[in-house]
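Down below is the structure, laid out as structure tokens.
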Amino acid sequence: MQTMNRIAKKDLWLFASQAAVWILMLLLLPLATFISTRNWESTSTSLSLVWQLLRAPLVVYFANFYLFGPYLFFRRRYWLFVLCNLLLILGANYGFVYGYFAIKHNVPSMPAKAWMGFFSGTFIFFLLNIVTVAVAIGIRHFIRVRQLKQQLKDEKAKNTEAELAWLKNQINPHFLFNTLNNISSLTQIDADAAQDAIAQLSDLLRYAMYETNKNTVPLGGEVEFMRNYIELMKLRCNEQTSVNYQLSTDSEQVEVAPLLFVSLIENAFKHGVSSGRPSAISIKLEQHQGQLTFICNNTNYPKNDKDRSGSGIGIENTRRRLELMYADRYEWEQTLEDNIYHVMIKLKL
């Protein structure tokens, strides 16, 4: 109902604006006549003359704008469009047709020059009506193109919003699956630590489920989430793994897409840690003067084909979310050199 009301108001405003233009054209010459003569009779005569001249183009314009254009021309019924306009123009300009037969009947021997003047005037007036048709169709086409572009823009926005929701829904189960695996392993080593980890996981899930329902969230909340998440992931690491992180911001109220970097952190722990070899993970987040920089470096220990925990879904989702939310406002750098996997993201906030 609200949509219909908005459309009705928009159409009413469009009609009113066009009517105002025609009223202005009708009154312009009479108003000039009144200002120059201060004579109501001359003004009335001027108004009558203008009305006689613009009456037919007025009917032709609105008929084409609201009927012939939408229902015939833009539906490619061109012959019917031409026929209807021809009949309308002849009907709206019946005075010329009537005048021709009246002159023919009453003045049979009218001079050729007079007939030439009559037909010239008639031709010019009919040409004015044809130009009016073209103007009506042109304006209607312009409005139609704008409406189509707006519809496409709205549909694109809806699709983008749906895709972002789908990507975000993939992040949460993926994150939960891997974290539960970590706690499951921890229960066999230290039950008390596992219990603390479950409590910490509860806090993380509470944030992920209830604080990230919007398109953007305060950066301070994200930083706290990442800090807790890294600490939780460190529980599975042994003494051969070095984990360093630095998360600093100028303003915690700056808005950022929720859970944007968690997949990259998750990927670093999945692919950067080996139980029997030295491993290192370095994570840095810095926000300064409208730019947010995230850097993650980790040793690279590729998973075998049977291990599906590192299927790469998180990385693909992160890049897709960046493209959808920060198009032309982000930089992505990803390298693998000397067995060190490096990823860097720069965002213009």
Taking the six-membered ring of Phe34, is NZ or CZ of Arg38 closer than 6.0 Å to its centre and within 45° of its axis? yes
Under 3.5 Å donor-acceptor, Thr132 side chain and Val60 backbone: no
Taking Gln240 for its side chain and Ser279 for its backbone only, find out whether a donor-acceptor pair lies under 3.5 Å. no
Using only heavy-atom distances, determine whether the side chains of Gln334 and His342 contain a donor-acceptor pair under 3.5 Å. no
Side-chain donor-acceptor pair present, Thr249, Gln287, cut-off under 3.5 Å: no
Under a 3.5 Å cutoff, is there a donor and acceptor pairing between the side chains of Tyr229 and Glu224? no
Do Tyr326 and Glu331 get their side chains close enough for a donor-acceptor pair, meaning under 3.5 Å? no
Quick one: do Tyr207 and Leu247 end up in the same hydrophobic cluster if we chain Ile, Leu, Val, Met, Phe, Trp and Tyr together by side-chain heavy atoms under 4.5 Å apart? yes
Strictly distance-based, threshold 3.5 Å: is any side-chain N or O of Arg227 a donor or acceptor partner for the main-chain N or O of Gln246? no
Is there a donor-acceptor pair closer than 3.5 Å between any side-chain N or O of Thr33 and the backbone N or O of Leu29? yes
Side chain of Thr37, backbone of Asn39: donor and acceptor closer than 3.5 Å? yes
Ring centres under 6.0 Å, that's the criterion: do Phe68 and Phe73 meet it? no
